[in-house]
Amino acid sequence: VFNSAVYHMLCEALGRKLTADERLAVQALTADPSVAAHDPKEYSPALDADLKPPEIWRDRQPTDKELKAVPVLQAGFKGQLEQEVLNASKPGTKENLTASKILLEMWPKIESDADRHAAFLLRYIIENSEGKAELYPCQQDESARITFADYSVSVQDTSNSWLLIFREVFLVPEEMLLVPQVHSTIPNCWLHVINNDTGEEVDTIGREVVPHVYQPNKLGFTFVAESITPELTPAGATWRMRLIGLKEPLPKLSHETRPNTFSVKKVQDYYVPNDKNLICRYRVQVTSDTLGTIQFQTSKPDVFIRLSVLDQEKEVECRTGQGHVTIPVFYFLANTDPGCTDEKNQKGSPTQDAPQHRNGAHSTVGKSDSSSDQLQPPTETMVSPTTGHKHMVQAEVLHKSWDLDESQLAFVHMLKELEKNEMRVHKPEDSKPSSTSDTPSRGGRKHSKKPAANSKSGSRKEMSLDLTKPNWTLHVVTDESKAEGIEVKKDTERADQIKAIIESWEVAEPGRRVRALQSRLKYLNQVQHKESDAAATDERKDAAPASGPEPDTSLSSSNQKLSDTPSSRPHMDYSHLIRRRKDFPVLMDSQMEEEEQRERLEKIQTYQLERESVLEQRKQDALKRKALIRLQREMYESMQHEHQKALDSLQAFLSSQMAAVKKEEQKQALEEAEPADH
């Protein structure tokens with residue numbers, strides 16, 4: 001155990017596996033050729049998989065002669081190794097001088113942190129020794145010993161009510177019990193821990209992550225910290241996470257600690273109720289696989305919402321919450337086929353690109369050279385190369401929990417009318433691609449701006465968001481290095497299809513839209529003209545002739561009014577669709593009311609009698625079932641009794657038969673024995 005502890009201590013000090021010469025030097029130092037024979041890192045199945053057998057050994061079974069040769073070869077190699085170790089152990093030999101030189105080169109690494117490596121050596125001996133409780137009484141100190149590492153972040157001032165504070169991937173080297181604690185001057189901080197292999201989140205109690213036994217995995221664990229503050233972030237705010245474990249090594253960052261920046265795509269809009277209970281639906285496109293955090297919140301804090309991510313309309317992730325909900329970790333996968341991505345000229349709601357700066361995390365543990373960008377996320381969505389990935393982020397209202405008062409409903413109605421007007425005044429020229437520009441503004445934010453030439457005065461796009469009205473906010477957060485490779489835009493696929501159909505009609509038949517509009521106005525004018533003539537005729541019949549405006553002037557004014565108010569509709573007669581009980585109305589008097597009251601009482605009494613009859617019938621059925629059950633139980637007990645009697649009789653008969661057979665055998669044995677005596 002001590003020899004193996006020395007070997008592993010040197011590997012830990014160098015931070016890598018030993019070379020062949022270094023391994024031989026350690027074997028010479030410990031005089032143990034098998035010091036590295038049981039190291040799973042040196043002889044792993046992955047290494048065996050890389051060693052391909054020769055062509056002559058493929059697809060055939062070894063012969064008996066070859067199987068007998070295996071232990072002979074192994075014994076020869078073992079003897080050669082022992083001879084090499086023996087030569088390297090003898091002072092003055094060439095091999096011994098080489099081994100001494102190698103050990104002297106490795107020794108400064110151990111002396112640089114002697115206490116740490118000594119503790120590693122002792123811990124390895126204790127963990128791998130038999131009877132360690134008797135040999136090492138100091139092991140009792142484990143119950144009162146902990147180790148920890150701190151990761152601190154300085155948070156800059158921001159006006160956002162939601163803030164992503166920390167997001168890092170940690171690699172767990174071995175099974176360990178871990179307790180993360182958060183200390184911050186920022187109120188309402190949440191910590192999430194996600195298993196990147198399975199996508200599952202470690203259990204939490206309130207805002208705290210419960211103590212959990214972390215198992216080593218391939219992609220590590222992502223720690224995500226967020227904060228929701230109704231007020232401004234306090235100046236000089238700090239955030240610190242302490243990872244507490246029982247022993248070293250603690251989890252390590254998947255990349256070297258360095259200052260980093262988050263990029264936030266922010267979308268805000270008013271809530272408009274609909275039949276599908278959808279709040280919003282946005283398309284997310286990336287040029288490379290991107291790690292993101294998605295957060296959604298509503299202006300009304302008690303709304304039950306469901307935030308989900310769909311890939312090719314198949315749900316791959318969802319979370320529910322009240323007032324706000326967060327998907328801490330989601331990997332947006334890029335399309336390998338360039339033809340899978342949509343054109344850049346599709347219209348969407350403007351987004352904001354708001355970087356949030358944070359300092360690097362300070363840790364007392366070592367650093368790993370691996371990069372989080374190299375970690376490939378798990379995915380359950382299998383897509384073909386022809387379809388690619390199509391990520392949709394959508395939010396829904398649950399249980400109809402977002403009620404609006406009269407003033408809010410009036411505001412929503414106004415928004416719907418604005419949208420109708422925008423669709424009504426849409427022209428083919430408006431659908432042409434329009435260039436967008438990102439201009440930096442105060443605070444490092446980038447506002448997506450569109451030319452005002454394509455907007456209509458008084459349209460919804462020109463309205464500034466009124467926070468007193470029902471509204472929602474969507475955040476999609478990525479690393480700053482991925483900011484240029486992600487696009488968040490409103491899902492207008494259905495509207496774009498309708499516009500494309502209209503444009504195709506216009507291309508096939510130029511002027512079709514104008515002719516359709518003229519035909520509609522002509523029909524409405526004709527209907528209005530007929531109604532005007534009918535009204536004028538009635539007036540002439542009921543009153544004396546009087547001076548008035550000329551017919552042409554009246555018709556022109558009426559037509560102008562009709563064309564100016566698109567909401568005008570011709571009068572329709574719905575009388576034949578209304579169901580009536582009688583051909584003429586009848587006055588409801590006290591006698592008719594008493595008669596209706598008597599009919600209602602008769603119906604109630606009839607229903608009560610039928611109900612009592614059904615209940616009585618059910619009661620009788622229950623009694624019959626109980627009697628039948630009792631009868632079946634008695635029958636079963638009787639059958640059991642008769643069966644037992646039959647078994648007893650059969651046993652007695654068999655016993656008598658066996659006794660008779662035995663007696664007969666004894667008699668025959670005596671008869672056979674008598675002639676022998678004579």
Side-chain angles (χ1 to χ4, degrees), residues 148-158 160-172 178-196 201-202 204 206-210 212 214 219-229 233-245 250-266 290-295 297 319 324-331 354-365 367-368 370-373 375 377 444 475-483:
F148 63 90
D150 287 342
Y151 299 86
S152 59
V153 173
S154 297
V155 183
Q156 291 191 352
D157 300 341
T158 177
N160 291 335
S161 60
W162 178 81
L163 185 66
L164 182 63
I165 304 173
F166 183 84
R167 186 179 67 192
E168 292 291 349
V169 178
F170 288 83
L171 301 178
V172 177
L178 200 64
V179 181
Q181 288 187 353
V182 173
H183 306 274
S184 177
T185 57
I186 306 174
N188 301 330
C189 287
W190 279 267
L191 181 64
H192 310 271
V193 181
I194 310 297
N195 186 336
N196 293 336
E201 182 174 355
V202 178
T204 59
R207 301 169 188 167
E208 301 292 335
V209 178
V210 300
H212 180 72
Y214 292 80
L219 302 177
F221 294 82
T222 302
F223 286 67
V224 180
E226 60 170 332
S227 172
I228 295 182
T229 56
T233 305
T238 58
W239 180 93
R240 177 168 56 89
M241 179 181 68
R242 172 167 292 179
L243 295 183
I244 304 175
L250 289 174
K252 299 180 180 179
L253 289 171
S254 61
H255 58 80
E256 293 186 2
T257 304
R258 60 185 184 274
N260 200 357
T261 306
F262 288 132
S263 173
V264 182
K265 301 287 184 180
K266 180 179 177 181
T290 304
L291 171 64
T293 299
I294 310 170
Q295 192 267 353
Q297 63 187 56
R319 295 291 179 97
H324 68 91
V325 61
T326 303
I327 297 179
V329 175
F330 186 82
Y331 286 90
Q356 300 175 0
H357 299 279
R358 59 186 177 89
N359 295 332
H362 303 287
S363 171
T364 60
V365 300
K367 302 174 183 178
S368 174
S370 60
S371 173
S372 62
D373 296 337
L375 298 178
H475 297 94
V476 179
V477 187
T478 60
D479 289 337
E480 180 64 23
S481 59
K482 301 284 186 178

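Numbers here are sequence positions counted from 1. Below, each value reflects all heavy atoms present in this structure, side chains not excepted, and no hydrogens, waters or symmetry copies.
- Looking at W162 and V477, their side chains come closer than 4.5 Å, going by heavy atoms from C-beta outward.
- From H212, atom NE2 reaches atom CZ of F221 across 6.0 Å, with rounding to the nearest 0.5 Å.
- When all heavy atoms are compared, the tightest approach of Y151 to P251 is OH-O, 3.7 Å.
- H192 meets the side chain to side chain donor-acceptor pair (under 3.5 Å) test with E201, E226; sequence neighbours excluded.
- With a 4.5 Å cut-off on side-chain heavy atoms, T204 and V193 do not count as touching.
- A distance of 13.5 Å separates CG of L219 from CD1 of I194, quoted to the nearest 0.5 Å.
- Separating the CG atom in L191 from the CH2 atom in W239 is a distance of 6.0 Å, to the nearest 0.5 Å.
- The nearest pair of heavy atoms linking R319 to P328 is NH1-CD, 3.6 Å.
- Considering every non-hydrogen atom in both E480 and S263, the closest pair reads OE1-CB, 3.5 Å.
- To the nearest 0.5 Å, atom CZ of residue F170 and atom NZ of residue K252 are 12.5 Å apart.
- With sequence neighbours excluded, the residues that form a side chain to side chain donor-acceptor pair (under 3.5 Å) with T293 are R167.
- In this structure, Q295 and I228 have side chains that are in contact, with non-hydrogen atoms separated by less than 4.5 Å.
- Counting only heavy atoms from C-beta outward, the side chains of I165 and V155 approach each other to under 4.5 Å.
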>> side chain to side chain contact (heavy atoms under 4.5 Å, CB included), that's the test. Do L250 and L178 meet it? Break it down for me.
In response: CA-CA 9 Å; L250 289 174; L178 200 64; 4.0 Å; yes
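- Minimum interatomic distance between L164 and A225 (heavy atoms only, all atoms of both residues): CD1-O, 3.3 Å.
- For the residue pair S227 and I186, the shortest heavy atom distance occurs at OG-CG2, 3.1 Å.
- With a 4.5 Å cut-off on side-chain heavy atoms, K265 and T478 do not count as touching.
- Ring orientation note: the planes of Y214 and F223 are close to parallel, at an angle under 30° on the 30°/60° scale.
- With no hydrogens or angles considered, a side-chain donor-acceptor pair links E168 and H255 at under 3.5 Å.
- Looking at H324 and W190, their side chains come closer than 4.5 Å, going by heavy atoms from C-beta outward.
- At distances below 3.5 Å, at least one donor-acceptor pair connects side-chain atoms of S184 with backbone N or O atoms of T238.
- Between atom OG1 of residue T222 and atom OH of residue Y331 there is a gap of 4.5 Å, rounded to the nearest 0.5 Å.
- Note on residues 234-245: pairs passing salt bridge (charged side-chain N to carboxylate O under 4.0 Å, His left out), not counting sequence neighbours, are D150-R240, D150-R242.
- Here the shortest heavy-atom pairing between G220 and L171 reads CA-CD2, 3.9 Å.
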